[in-house]
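Reading through the structure tokens given below for one structure.
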Protein chains: 2
Amino acid sequence: MDERVPRDFETLRTTILERRHSLPKRIAQIAAYALDNPDDIAFGTAASIAASAGVQPSTLIRFAQQLGFDGFTSLQLVFRERLRERNSSYDERLAALRAKAEEGAGHRAIFDGFVAAASTSLNDISGRLNEDHFEDAIALLAKAETIYVLAKRRSYPVASYIAYALGKLKIRNQLIESAAGLNAEMISFASPRDAVIAISFSPYAPAAIEEARVISEQGVPIVAITDSSFSPLAQFAKVWFEVAEADFAGFRSLSATMALAMALTVAVGEKRRDAGRKRKT
Amino acid sequence: MDERVPRDFETLRTTILERRHSLPKRIAQIAAYALDNPDDIAFGTAASIAASAGVQPSTLIRFAQQLGFDGFTSLQLVFRERLRERNSSYDERLAALRAKAEEGAGHRAIFDGFVAAASTSLNDISGRLNEDHFEDAIALLAKAETIYVLAKRRSYPVASYIAYALGKLKIRNQLIESAAGLNAEMISFASPRDAVIAISFSPYAPAAIEEARVISEQGVPIVAITDSSFSPLAQFAKVWFEVAEADFAGFRSLSATMALAMALTVAVGEKRRDAGRKRKT
DNA sequence: TATGGATTGGAATTATTATTTCATATTGCC
DNA sequence: GGCAATATGAAATAATAATTCCAATCCATA
């Protein structure tokens, strides 16, 4: 074996792609197969791989030799190394983190627990977002004159970030909170041309539910982020999202809710900008 | 092979863990090795694995047979299948999400972008948390009479969640915000027996920095969460954490900061509970 | 279209590897 | 402490797989 033998998969891949056109027919055939089915090369036997690729075992060995390996076995090692070095899967990683958090005492375990909860929530929502609802919500919010943001207690941080972001995007918005106890008045200004983003999770803060009820009775459309279809918030909402946040030590992660909230906000900003551009042309 | 042979890795794992204590010594030894080094089982030869685990090849085969396989080869298939089926790596997954977010237009891409940003941030902080600083911060906060929470603008949601959690844990705290413009007075009440959690990221909100300066001059110890050692917040802090939050569309993720903040809060709660218990006994 | 060189197929050979066997050691039980 | 049952070690054997070899085929070139 000379010194230029590819030792890692990426180098090997590049080498094969470079030489692709100067390779004899059957060798090229096995080369293509190898890049398309690297797992098969890693696990199979020379005979089984050759059969799958439609060539003779000897061709497979010639292929390896052309690349500078002294036989199929050494070529196969590269393909195995690739699988070995590939990081552990997302799920395993999470499971490990969660396990450490559960069994392990100590403060580090607490930290791991929160990271795991946040990751789990993100992972979950990433696969579950209903795109139609998402589009509906964006459309609804994009045409609102003022966006009211409603969330209490543990959901409040999300609301405050939404309000911050909407402000940055120059979208008129009103966070429903008032040190002076003027929430009811604030709500009474909302009209059907406005819209609400309401966020509440079980146990639903009574104030949030009550305010959502009032505001929906005024005909203001509500986009809700909540945790189940039984949520009282869902019944008042035009569009609602179910977000399952994992919790740790009694505190729910907000990461998935945050990601959704930010996506909604920025998407609304984009949609408005597009609409504005259209009107001008 | 009877019908109860584990065909997937998880089942196999569970089976092994169940029987762990009823297995003969050497078999148990190889069982432990198998669960600790699944990749070696997938790729190695019976002889090489046996050598690494410090047993004879025949023991390895007996182990496989105990589990219902008819030999090492069929056991090995399960370990190989695991590698095959294992999802793409965490990094690959994130890269895919990010790529989709960048190239892809549409609103779904925005959502993916925020999820990717949050995941990246969590992943990053998970490996970088300095445990010594973490312990120091917890000790410092646990002995404070009142914990002041200071954060403005984009960091404010984190502060509000900390305040919520501290309240839930019955830890006296004060969020430094005042609609009536009384922040300066609020700060003046803080004493060296209190402590501050301050959060600020570039571009540092001037108000946050100024308040941190004043409060540190009063001798109140500060735990800071910020983004670099050049942060003006770091110079006022007794302990500080560097958190690198990924951003998307101009908005920074808060997921890592949130996780750290919650971990701090809960850890402080635990430490106080422990200390209280000790004093009583 | 004839010729030399390169390529390919298939079987024979060699090597490696899993499995079995049997002697020995260990353990649990009366 | 002795006996049977179980577990272990080491080497022999069987199975499987990689590699080699050679004849057949293909292809480019004169």
Side-chain angles (χ1 to χ4, degrees), chain A residues 1-2 5-6 12 16 19-34 37-81 83-84, chain B residues 1-2 5-6 12 15-16 18-34 37-81 83-84:
Chain A
M1 238 195 275
D2 80 339
V5 181
L12 179 59
I16 292 175
R19 303 204 198 157
R20 189 167 33 168
H21 299 294
S22 64
L23 292 172
K25 198 171 68 157
R26 299 254 103 127
I27 308 266
Q29 188 175 328
I30 189 73
Y33 182 86
N37 309 69
D39 288 8
D40 286 355
I41 307 281
F43 291 123
T45 67
S48 72
I49 295 165
S52 304
V55 301
Q56 290 290 326
S58 44
T59 306
L60 179 47
I61 285 159
R62 286 179 195 122
F63 166 59
Q65 289 169 340
Q66 286 243 357
L67 291 167
F69 297 95
D70 54 25
F72 165 70
T73 308
S74 11
L75 170 73
Q76 192 178 40
L77 286 181
V78 175
F79 283 79
R80 292 191 166 178
E81 209 47 42
L83 284 184
R84 239 174 220 253
Chain B
M1 236 194 279
D2 80 338
V5 182
L12 178 58
T15 312
I16 293 175
E18 271 170 10
R19 302 205 198 158
R20 188 167 32 170
H21 299 292
S22 64
L23 290 173
K25 199 173 65 159
R26 298 255 104 125
I27 309 264
Q29 188 174 328
I30 189 75
Y33 182 86
N37 309 68
D39 288 10
D40 287 355
I41 307 279
F43 291 124
T45 67
S48 71
I49 295 164
S52 306
V55 300
Q56 291 289 326
S58 44
T59 306
L60 179 47
I61 286 160
R62 287 179 195 122
F63 166 61
Q65 287 169 343
Q66 287 241 357
L67 291 168
F69 297 95
D70 53 27
F72 165 70
T73 309
S74 11
L75 170 73
Q76 191 177 41
L77 285 180
V78 175
F79 282 80
R80 292 191 167 179
E81 208 48 42
L83 284 185
R84 243 176 222 265

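Note on naming: letters A, B, ... go to the chains in the order of the sequence lines (proteins, then strands), and numbering restarts at 1 for each one.
Computed from coordinates, the A:Arg62 CZ to D:dC21 C1' distance equals 10 Å when rounded to whole Å. The interatomic distance linking B:Leu60 (CG) with D:dA10 (C1') rounds to 15 Å, in whole Å. Atoms CD1 (A:Ile49) and C1' (D:dT16) sit 14 Å apart, rounded to a whole Å. Regarding A:Phe69, its CZ atom lies at a distance of 16 Å from the P atom of D:dT20, rounded to whole Å. With rounding to whole Å, A:Arg26 atom CZ is found 15 Å from D:dC27 atom C1'. Residue A:Gln76 contributes atom CD, which lies 13 Å from atom C1' of C:dT16 at whole-angstrom precision. The CZ atom of A:Phe43 sits 19 Å away from the C1' atom of D:dT16 (whole-angstrom rounding). Taking atom CD of A:Gln65 as the reference point, atom C1' of D:dA18 lies 11 Å away to the nearest angstrom.
You'll find the side chain of A:Leu67 reaches within 4.5 Å of the side chain of A:Arg19, heavy atoms only. Within the 4.5 Å cutoff, side-chain heavy atoms of A:Phe43 are placed close to those of A:Leu83. The shortest distance between side-chain heavy atoms of B:Tyr33 and B:Val55 does not fall below 4.5 Å. Put simply, the side chain of B:Thr45 does not reach to within 4.5 Å of the side chain of B:Ile49, judged on heavy atoms.
Distances from the side chain of B:Ile27 to the nucleotides D:dA18, D:dT8, C:dT17 place D:dT8 closest. Which of D:dT8, C:dT17, D:dG9 sits closest to the side chain of B:Gln56 comes down to D:dG9.
For a distance-only test at 3.5 Å, the side chain of A:Thr59 fails to qualify as a donor-acceptor partner of the base of C:dG9.
Map A:Pro57 and B:Ser58 each onto its nearest nucleotide of DNA chain C; the residue landing nearer the 5' end is A:Pro57. Nearer the 5' end of DNA chain C, as judged by each residue's closest nucleotide, is the contact made by A:Val55, out of A:Val55 and B:Ala47.
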